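Heads up: the structure comes next, in structure tokens.
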There are 2 protein chains.
Amino acid sequence: MQDEVDELVEAWRRERADLDLTPVEVFSRIGRLARRLDLARRTAFADHGIESWEFDVLAALRRAGGDYELSPGRLIKETLVTSGTMTNRVDRLAARGFVERLPDPNDRRGVLVRLTPEGREAVDGAFEALLSAERELLSDLPPKDHKQLAALLRALMQRLA
Amino acid sequence: MQDEVDELVEAWRRERADLDLTPVEVFSRIGRLARRLDLARRTAFADHGIESWEFDVLAALRRAGGDYELSPGRLIKETLVTSGTMTNRVDRLAARGFVERLPDPNDRRGVLVRLTPEGREAVDGAFEALLSAERELLSDLPPKDHKQLAALLRALMQRLA
DNA sequence: CTCGAGATTCTTGACGTCGAGACAGATCGT
DNA sequence: ACGATCTGTCTCGACGTCAAGAATCTCGAG
């Protein structure tokens with residue numbers, strides 16, 4: 001069974017038979033899979049009326065637990081965006097009523113972003129939808145392969161720490 | 001040995017012990033790896049003075065072989081961007097002298113984008129640098145694991161066709 | 001031959017992100 | 001206390017992408 005990366009590799013081999021294309025087999029697939037997963041994620045979230053970037057922020061707050069509060073700086077670290085982007089995102093999430101901005105009681109420069117009950121409901125629903133969509137994608141592979149795949153990917157991540 | 005996704009899963013488990021988080025182990029790693037690979041790619045290309053988006057376009061032309069000509073429409077399909085983006089990219093590549101625009105002899109609506117000798121040199125050098133950087137990342141894993149990883153990723157891609 | 005549907009490329013405006021800098025407040029040494 | 005430096009957040013301009021539409025050309029049906 002051939003996929004689009006097999007064709008890509010074949011095309012390169014026609015032109016550059018001198019090169020070892022093994023890395024392409026792995027890394028090109030990871031890149032393309034990530035792209036498609038983004039799309040799958042987007043449609044899973046769309047049913048729950050939220051967008052991927054919204055989920056990223058809300059999920060970080062949800063995972064924090066307790067009172068579901070994090071500073072913008074912490075959110076920046078969790079979601080890997082810049083400060084300007086986070087200001088914009090928090091603005092829009094606050095406008096939708098999913099988060100609220102509170103003054104940080106311990107640092108007058110600071111702000112805390114808190115998940116509202118509506119935000120919590122939204123993110124919980126979206127996360128369950130995401131998990132079930134993703135489980136569906138894994139359903140062809142035996143559980144043993146899940147573990148192996150996760151282990152191999154973990155090994156690669158170590159290398160790219 | 002623990003990675004950042006293990007922490008992510010652990011945080012979710014603290015908050016939502018009721019959910020089966022297996023999919024996160026796989027898909028979250030794919031997403032994060034893709035992000036880091038983009039960075040690695042970028043630095044590998046930077047040594048050769050080209051950017052990732054430039055490589056994407058030049059590589060498509062290079063793989064085409066023959067006289068290294070493709071239509072903008074074909075380039076759009078290969079690189080998964082929209083037409084406005086491709087017009088912009090071809091403009092900038094032409095300004096750098098890596099490609100040139102020719103009228104399509106068989107269709108007066110059409111245009112052909114052709115790789116120049118400078119463009120070919122650039123893309124060949126960049127590709128070799130990319131492969132060697134990527135090989136380095138795989139060097140910890142035994143070749144048998146490369147095959148297995150590629151096979152598992154291929155199986156996932158079938159599912160997302 | 002002509003007409004209209006479809007194809008191909010480019011143009012345009014809107015949008016989200018980035019990155020540099022502004023600003024206020026905290027922190028630490030003296 | 002005081003000043004210098006650091007930290008945390010926000011502001012703003014530039015940039016690349018997207019999506020929709022404009023302009024041009026092709027090709028088959030009648």
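Each chain gets a letter, A, B and so on, in the order the sequences are listed, and its residues count up from 1. Source: prediction; values computed, not measured.
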Within this structure, what is the CD-to-C1' distance between A/Glu51 and C/dG16, rounded to whole angstrom?
11 Å

On a heavy-atom basis, which atom in A/Leu149 and which in B/Leu152 lie closest, and how many Å separate them?
CD1-CB, 3.8 Å

Are B/Val57 and B/Val111 linked, directly or through intermediate hydrophobic residues, by side-chain heavy-atom contacts shorter than 4.5 Å (ILVMFWY only)?
no

Roughly, in whole Å, what's the span from CD1 in A/Ile76 to P in C/dC18?
10 Å

Rounded to the Å, how far apart are B/Arg101 CZ and C/dT8 P?
17 Å

So, do A/Arg120 and A/Thr116 sit near enough that their side-chain heavy atoms are less than 4.5 Å apart?
no

Nearest nucleotide by nearest heavy atom, which residue falls closer to the 5' end of DNA chain C, B/Asp91 or B/Lys77?
B/Lys77

Indicate if B/Leu39 and A/Ile30 have the same hydrophobic cluster label, given that clusters are the connected sets of ILVMFWY residues with side-chain heavy-atom separations under 4.5 angstrom.
no

Roughly how far, to the nearest 0.5 Å, is the CD atom of A/Glu121 from the NE2 atom of A/His48?
12.0 Å

Rounded to whole angstrom units, what separation is found between the CG atom of B/Asp38 and the P atom of C/dC18?
13 Å

Closest contact, heavy atoms only, B/Arg62 versus A/Glu15:
NH1-OE1, 3.1 Å

Evaluate the side-chain proximity of A/Asp38 to A/Arg41: yes if any heavy-atom separation is below 4.5 Å, no if none is.
yes

Do B/Arg92 and B/Trp53 form a cation-pi contact, if we require the NZ or CZ to be under 6.0 Å from the six-membered ring centre and within 45 degrees of the ring's axis?
yes

Write down the protein N/O and nucleotide N/O pairs, taken from nucleotides 14-17 of chain D, whose separation is under 3.5 Å; answer none if there are no such pairs.
{"from": "D/dG16", "atom 1": "OP1", "to": "B/Arg92", "atom 2": "NH1", "distance (Å)": "3.1"}
{"from": "D/dT17", "atom 1": "OP1", "to": "B/Arg89", "atom 2": "NE", "distance (Å)": "3.4"}
{"from": "D/dT17", "atom 1": "OP1", "to": "B/Arg89", "atom 2": "NH2", "distance (Å)": "2.6"}
{"from": "D/dT17", "atom 1": "OP2", "to": "B/Arg92", "atom 2": "NH2", "distance (Å)": "3.3"}

Rounded to the nearest angstrom, tell me the gap between atom CZ in A/Arg74 and atom P in D/dT7.
16 Å

Euclidean distance, atom CG of residue A/Leu75 to atom C1' of D/dC10 [Å, nearest integer]:
15 Å

Would you mind reading off the distance between A/Met86 atom CE and D/dC12 atom C1', rounded to a whole angstrom?
19 Å

Which ones in residues 102-115 of chain A lie close to DNA chain C, meaning a heavy atom under 4.0 Å from one of its atoms?
A/Asp107, A/Arg108, A/Arg109

Give the intermediate values and the outcome of salt bridge (Lys or Arg N to Asp or Glu O under 4.0 Å) for residues A/Arg29 and A/Asp6.
CA-CA 10 Å; A/Arg29 282 197 178 88; A/Asp6 288 319; 3.0 Å; yes

